[in-house]
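Here is the structure we will look at.
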Amino acid sequence: MNLNQVTVPSLDVAKAINFYEKLGLRLIVKSLPNYARFECPDGTSTFSIHLVDTLPEGNGIYVYFECEHLDEQVATLKHKGVQFDQEPRDERWLWREARLKDLDGNQLILFYGGENRLNPPWRLES
């Protein structure tokens, strides 16, 4: 198996499209008002948003986007007006992360994991 896409809920897909394009995703399907789908700038994964009447309760959804040059990417996005809840910092799980929320409160984590993304020191051996 290979992960194809992740879909998150939105109360306003048109507004969400603008937000995700600002992050650098490329719009490939626009079916307003219900759905939009994007290509990620690197790799072959896609990301989509779909219209909902109400958002999920609780902590919501977490989506991780890997950025090789995380600090530069965050600086570029901040220059475009994107606000972050957490500036890039090194985490104890050996990733560098910055955090923000989209317009619907979905948790977005921009990170760089390097070799530790798939092969942390505590990885189980098969």
Can you find a pair of side-chain heavy atoms, one from Leu23 and one from Phe47, that are under 4.5 Å apart? no

What side chain to side chain donor-acceptor pair (under 3.5 Å) pairs are there with at least one residue in residues 9-19, not counting sequence neighbours? Ser10-Asp104

Heavy atoms only: give me the nearest Leu32-Ala14 pair and the separation to one decimal. CD2-N, 3.9 Å

Please check if atom CG in Asp90 has more than 12 non-hydrogen atoms from other residues, nucleotides or ligands closer than 6.0 Å. yes

Does Arg89 come within less than 4.0 Å of Glu87, counting only side-chain N to carboxylate O? no

With sequence neighbours excluded, what pairs up with Glu72 under the side-chain contact (heavy atoms from CB on, under 4.5 Å) test? His69

Show the nearest heavy-atom pair for residues Ala36 and Val13, with the distance to one decimal. CB-CG1, 3.9 Å

If you round to the nearest 0.5 Å, how far is CD of Gln107 from OH of Tyr64? 9.0 Å

Checking Pro120 now: which residues fulfil side-chain contact (heavy atoms from CB on, under 4.5 Å) with it, not counting sequence neighbours? Trp122, Arg123

Which atom pairs, one a donor and one an acceptor, fall under 3.5 Å between side chains of residues 109-118 and the rest of the protein, sequence neighbours left out?
{"unit_1": "Glu115", "atom_1": "OE2", "unit_2": "Asn119", "atom_2": "ND2", "d": "2.8"}
{"unit_1": "Arg117", "atom_1": "NE", "unit_2": "Glu66", "atom_2": "OE1", "d": "2.8"}

For residues Leu3 and Ser45, report the shortest heavy-atom separation together with the two atoms involved. O-OG, 4.0 Å

Hydrophobic cluster membership, Phe65 vs Leu94, 4.5 Å side-chain cutoff: no

Would you name the heavy atoms of Lys30 and Ile17 that are closest together and state the gap between them? CG-CD1, 4.1 Å

Could I get the full list of side-chain contact (heavy atoms from CB on, under 4.5 Å) partners for Asn4, not counting sequence neighbours? Arg37, Thr46

With sequence neighbours excluded, tell me which residues meet side-chain hydrogen bond (donor to acceptor under 3.5 Å, both in side chains) with Thr7. Gln5, Ser48

d(Lys80 NZ, Lys22 NZ) to nearest 0.5 Å is 8.5 Å

Joint cluster assignment, Leu108 & Trp95, ILVMFWY side-chain distance < 4.5 Å: no

Rounded to the nearest 0.5 Å, what separates atom CD1 in Ile49 from atom CG in Asn34? 11.0 Å

Report the residues that fulfil side-chain hydrogen bond (donor to acceptor under 3.5 Å, both in side chains) with Asn106, sequence neighbours left out, ordered by chain and then residue number. Asp102

Supply the members, apart from Leu11, of the Ile/Leu/Val/Met/Phe/Trp/Tyr cluster built from side-chain contacts under 4.5 Å; use none for a lone residue. Val52, Leu55

Share the residues that join Ile28 in a hydrophobic cluster, the rule being Ile, Leu, Val, Met, Phe, Trp or Tyr side chains under 4.5 Å apart at the heavy-atom level. Val29, Tyr35

With sequence neighbours left out, the residues meeting side-chain contact (heavy atoms from CB on, under 4.5 Å) with Asp71 are Pro88, Arg96

Contacts of type side-chain hydrogen bond (donor to acceptor under 3.5 Å, both in side chains), residue Glu39, not counting sequence neighbours: Arg26

To check you understand the geometry: which heavy-atom pair defines the closest contact between Val74 and Ala98, and what is its length? CG2-CB, 3.7 Å

Residues in salt bridge (Lys or Arg N to Asp or Glu O under 4.0 Å) with Lys101, at least two apart? Asp85

Hydrophobic clusters here meaning ILVMFWY residues chained together by side-chain heavy-atom distances under 4.5 Å, can you tell me if Leu27 and Val63 are in one? yes

